[in-house]
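First comes the structure, then the notes that go with it.
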Amino acid sequence: MVTKRILATITALAAVLVLAACGGGAEPTPTPTKTPAAQELPATPTPTLAPVSVEPAPAQEQSAAQPADTPAPAPTPVIEKIARVTADQLNIRSTPSTDGTIVKLALTGETYTVLGQSDDGQWLELAENGNALGWAAAEFMTVEERVVEAPAGQPSGGEQTAEQPAQAPAGGFTGSFAPATMSSPDFGAQVFVWWREEIRDRDLDLMKEGGFNWIKQSFSWESIEGAGRGQYDWSIADKVVTHANERGLKILARLSLDPDKQGFWAGAPPASGDAFAEYAGALASRYNCQPGAIGCIQAFQIWNEPNLAREWGGKRPNPAEYAEFLGKAYRAIKAANPNAIVISAGMAPTGDNSDIAMPDDLFYDQMYQAMGGNSNGYFDALGVHGAGYAAPPELDPAEAASNSKYGGYRFFAFRHVEDIRAIMEKYGDTAKKIVLLEFGWTFDPVNPAYKWHGADAGIDMFVQADYLKRAYQYAAANWPWVGLMSLLTMPNLDWLNDGNGSDEEQYWWAIMEPSQINAKEWRPAYIELCIYLNSLKGQKCIYDPNQ
């Protein structure tokens, strides 16, 4: 654990980065931000997804148009062999033998360039970023070929669809996309890289350097199709997607509408279900991960916390209505990209059953009933929220329910996720995984609705760091059914707009300080997780102050 002894070292580390500056706007935020006081309702439990593998489609042949009077032979294409890891974890060794030193731990879905193979064909020599890396067992990898230099005059991508521009945006991603797969567990975090272009690349680099494999980013409906039906503005989305693709980061896109948005052309759910499905399908089509696509979004979250009236058009939460809404979006996304992972919304953990809220476990159970007990055609993984509140990650939910210091309800424990898993098992849905769309701990000493399970519960930034790491470790040891665990949260620079970030309750969930482009202001959580997650890959955290 990062100790207080090195806090000065952590907070003093800074790196100067130079990026093009650009401007503001409000960005949708994650939601265990609406956590209740001890006797009220919280907002976050969490299940995860079953790995869905994505095989790249074969590149379509294209004929290069050339003037008839100046024929020119096309140069011979350069073919590169790419090895993709199929095991959950795979040792890369210094020599083609189990006696070789382990130089890196590769995870499922990661890709490497093949330099050669051993004489017996049992080992592949691998490279990464142009540098020789080591050897890995061939039986745990699949090998595919790709053209890295197309014939002269031949475009590198496939045909564009009608709503897409004729070209990818300048600087668009041109490599191979990361597959839509999840290890158990897999590692990600909420990011805010939509409006603040000046810190977009810096924060994406921090995610990659921190050992995370996924980012979760809101692709809010009103930001892309706000002008009217079929009128899409892809300008920011293209940049977010391609910049993440360039770094090999997988994208979980949260598709939802700001509940405070007034006068939106499509109206509110569930009546907006058909229009929303069209939006989801357009997004999945544009970023369908195929050769020649603008970019790749590997997973989609369908709406947010529909067990709260404020997220469901001000109406009483209705699991059957949400199931129908979810199914429409599922079909639209799968029609555009059959390999995409579709994840149901996470629910707000709450004990209230009224016109304004429904307990998460009751909502999930009634949702399964509405689906006829079969989730096929609705989602690939069940989304859950899993804030830990005042409890350590290993605490039994029964203890949280019986001990008032933890809040007095089972949903005040991180392991309440297990209660939701039991509902999946009740309906025989054990082949699919849970995705934790939000989880974390706040150390808020300011805001009354949160400080009871933050600073007043003895949680400071060091305890937060320790609990986050222990949550990942607990899941690895006990939850084979969990996929991505997306934590709260990387910081949002907009929290500083009024000059004081501390009055924003989300500020206290973040694993870093919101930092201007000329600085990286650390918190222990980022450093602790950077060390831990990189160690799983046989690497070192470049920001470890003890190196």
Side-chain angles (χ1 to χ4, degrees), residues 15 53-56 58-59 75-151 156 171 173-181 183 186-187 201 204-214 242-250 289 291 296 298 530-544 546-547:
S53 61
V54 174
E55 290 297 330
T76 303
V78 176
I79 305 297
E80 184 176 65
K81 288 188 176 181
I82 300 298
R84 190 181 305 278
V85 179
T86 58
D88 285 344
Q89 297 181 339
L90 178 63
N91 293 325
I92 298 178
R93 297 180 180 274
S94 58
T95 60
S97 165
T98 54
D99 295 329
T101 302
I102 297 174
V103 296
K104 181 176 180 178
L105 182 65
L107 302 179
T108 184
E110 292 183 345
T111 57
Y112 299 89
T113 304
V114 178
L115 298 180
Q117 65 179 20
S118 59
D119 292 339
D120 59 7
Q122 300 299 305
W123 295 82
L124 298 178
E125 186 179 14
L126 307 177
E128 185 176 38
N129 299 323
N131 299 314
L133 185 61
W135 298 79
E139 65 178 306
F140 300 114
M141 310 189 86
T142 60
V143 178
E144 54 204 55
E145 293 183 345
R146 68 180 180 189
V147 177
V148 294
E149 185 176 304
S156 59
F173 181 68
T174 57
S176 59
F177 300 116
T181 57
S183 59
D186 214 333
F187 311 104
D201 286 349
L204 291 174
D205 286 340
L206 284 167
M207 288 293 293
K208 186 68 174 179
E209 293 161 353
F212 294 97
N213 301 319
W214 288 81
T242 57
H243 287 217
N245 292 162
E246 287 167 359
R247 289 158 176 80
L249 291 166
K250 302 179 185 182
C289 308
C296 176
Q298 287 83 359
C530 179
I531 294 170
Y532 172 64
L533 297 180
N534 275 284
S535 73
L536 297 179
K537 301 180 180 183
Q539 302 170 175
K540 293 186 180 297
C541 171
I542 63 174
Y543 300 113
D544 183 352
N546 294 318
Q547 283 197 111

- Item | From CG (L204) to CD (E209), nearest 0.5 Å | 10.5 Å
- Task: In plain terms, say whether R247 and D201 are close enough for a salt bridge, that is, a side-chain N and a carboxylate O under 4.0 Å apart.
- Result: yes
- Message: If I compare all heavy atoms of L115 with all of L126, which pair ends up nearest, and what's the gap?
- Response: CD1-O, 4.1 Å
- Which heavy atom in M141 sits nearest to a heavy atom in L124, and how many Å separate them? SD-CD1, 4.3 Å
- Task: Mind checking the OG1-NZ spacing from T113 to K81? Nearest 0.5 Å is all I need.
- Result: 12.5 Å
- Where L133 and V103 come nearest, the two heavy atoms and their spacing: O-CG2, 3.6 Å
- Task: Ignoring hydrogens and angles, tell me if any N or O in the side chain of S94 forms a donor-acceptor pair with the backbone of T101 under 3.5 Å.
- Result: yes
- Task: Please report the shortest heavy-atom distance between Y112 and A106, naming the atom on each side.
- Result: OH-CB, 3.5 Å
- For a side-chain contact (heavy atoms from CB on, under 4.5 Å) with L105, tell me which candidate from N91, I92, N534 qualifies. N91
- Task: Report the distance from atom CD of Q122 to atom CD of Q117, rounding to the nearest 0.5 Å.
- Result: 9.5 Å
- Message: I need the minimum non-hydrogen distance between F212 and K537, along with the two atoms involved.
- Response: O-NZ, 4.4 Å
- Task: Drop me the distance from S97's OG to W135's CH2, to the nearest 0.5 angstrom.
- Result: 11.5 Å
- Please report the shortest heavy-atom distance between C296 and A178, naming the atom on each side. SG-O, 4.1 Å
- Message: Using 0.5 Å steps for rounding, measure from the CG atom of N213 to the CG atom of D186.
- Response: 4.5 Å
- Query: Counting only heavy atoms not in D120, do more than 12 fall under 6.0 Å of its CG?
  - Reply: yes
- Query: Under 3.5 Å, side chain of S118 to main-chain N/O of W123, donor-acceptor pair present?
  - Reply: yes
- Pair Q298-T181, side chain to side chain contact (heavy atoms under 4.5 Å, CB included): steps then yes or no: CA-CA 8 Å; Q298 287 83 359; T181 57; over 6 Å; no
